[in-house]
There are 2 protein chains.
Amino acid sequence: MLRVSKLTDYAVVVLSRLEAEGGVQTAPGLASATGLGEPTVAKVLKMLAQAGLVEGLRGARGGYRLTRPLAQLPLSEVIVAIDGPIALTACVDGGFGLCEAEHVCPVRGRWDPVNAAIRGALSAITVAEIAAPKGLVPTLPPPVPVLVAE
Amino acid sequence: MLRVSKLTDYAVVVLSRLEAEGGVQTAPGLASATGLGEPTVAKVLKMLAQAGLVEGLRGARGGYRLTRPLAQLPLSEVIVAIDGPIALTACVDGGFGLCEAEHVCPVRGRWDPVNAAIRGALSAITVAEIAAPKGLVPTLPPPVPVLVAE
DNA sequence: GCCAATCCGGACCAGTAAGGTCCGGTTTCC
DNA sequence: GGAAACCGGACCTTACTGGTCCGGATTGGC
């Protein structure tokens, strides 16, 4: 656990491609460019558009466009857009203790500082940093298939 | 997403109780003290024992004991003990790109710095900090049941 | 003015993993 | 010798992710 969803991973890839190419690009185009499934890419784009990280242009000749350069886009925003609010535990955030069974629920940990620390760490990293440091490297040289220790 | 499992939450509660009371305590005792299910508490304790965060004493008059004060126990260790290694995405860590389909997998993001940042943030927080800042507050005063906006 | 391309919003289903429980075995104290 | 407790699993149910698909709305081109 403590994972982000695959969609978030895809989002970074798509955003990276979006910036590398520049301009307006269609969902099918991005799908073939990234090698991901077309419906999946469309889903990711829709989520990013709802969050305002990309702009969707409808109609023929439509597509998606970045609203910000990736260097100004903290990773935390992408995660929030795809995975929802960053809260490590279920019953926190707002913290009125309104669990279903508040009087029974013994989990009175203060996870808020933890959440804040995670948010801080994730806000300090931009998508540009993890997308592709210097240009895209679509394929690595095939490594020697050594025996992988399980 | 980006959640830790409930077991991790329980672990913090159990550890907190373990330190508050001091000495050796049994799984059933901790269960009733925390209000959690007995098998669940036992499961958490077993995991913590395997990770060396608590010490299990077998036999009658057995139980569990802390191996370290909580102030010296970073939260990251608890998370690793319960949730496994901290790696936000599936195909990272070690990073030989040995996904099942490496030549197809377009996810070439560098998540390693992100993982490192998360680990750093989680290592800087001790269990003592989130467990119960000043003594246990087992029950909050019942808040006025205002209408909760959905 | 019609048609095609494209985004939009949702419903839908299969696979996986968390959450929680239970059982037999072993160790230790009374 | 018996009871109390830990140990190491297996087991099942539920929820959610991951991925696909469809009808509707919008816009540009012929």
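- One interatomic measurement links the two molecules: NZ of A:K46 to P of D:dT20, which rounds to 12 Å at whole-angstrom precision.
- One finds a salt bridge joining B:R68 and B:E77 here, because a Lys/Arg side-chain nitrogen approaches an Asp/Glu carboxylate oxygen to under 4.0 Å.
- Looking at heavy-atom distances under 4.0 Å, B:A42 makes no contact with the nucleic acid at all.
- Across all non-hydrogen atoms, the minimal contact from B:L7 to B:M47 is CG-CE, 4.3 Å.
- The side chain of B:Y64 contributes no N or O atom lying less than 4.0 Å from OP1 or OP2 of D:dA5.
- Rounded to an integer number of Å, the gap from A:K6 NZ to D:dT20 P is 11 Å.
- The base of D:dA25 lies close enough to the side chain of A:R58 for a donor and an acceptor atom to sit less than 3.5 Å apart.
- Where DNA chain C meets chain B (any atom under 4.0 Å from a heavy atom), the bounding nucleotides read 5' to 3' are C:dG19 to C:dC29.
- The 5' end of DNA chain D is approached more closely, in terms of each residue's nearest nucleotide, by B:A60 than by the other of A:A60 and B:A60.
- A pairwise comparison of heavy atoms in A:L53 and A:A81 identifies CD1-CB, 4.1 Å as the closest pair.
- In the hydrophobic clustering of this structure, B:V12 groups with B:V80; members are Ile, Leu, Val, Met, Phe, Trp, Tyr whose side-chain heavy atoms approach within less than 4.5 Å, directly or through other members.
- Rounded to whole Å, the distance from OH on A:Y10 to C1' on D:dG18 is 8 Å.
- Whole-Å rounding puts the B:R3 CZ to D:dA15 P distance at 15 Å.
- Across all strands, B:L57 comes closer than 4.0 Å only to sugar-phosphate atoms, never to a base (heavy-atom distances).
- The CG atom of A:L36 sits 12 Å away from the C1' atom of D:dG19 (whole-angstrom rounding).
- Note on B:T26: every side-chain N or O is 4.0 Å or more away from OP1 and OP2 of D:dA4.
- When rounded to the nearest whole Å, the span between CE of A:M47 and C1' of D:dT17 equals 10 Å.
- Separating the CD atom of B:Q25 from the C1' atom of D:dC6 is a distance of 15 Å, rounded to the nearest angstrom.
- Nucleic acid contact class of B:Q50 (heavy atoms, under 4.0 Å, all strands): sugar-phosphate only.
- Within 4.0 Å of B:L7, counting heavy atoms only, lie sugar-phosphate atoms of the nucleic acid but no base atom.
- Other residues, nucleotides and ligands contribute only 12 or fewer heavy atoms inside 6.0 Å of the CZ atom of B:R61.
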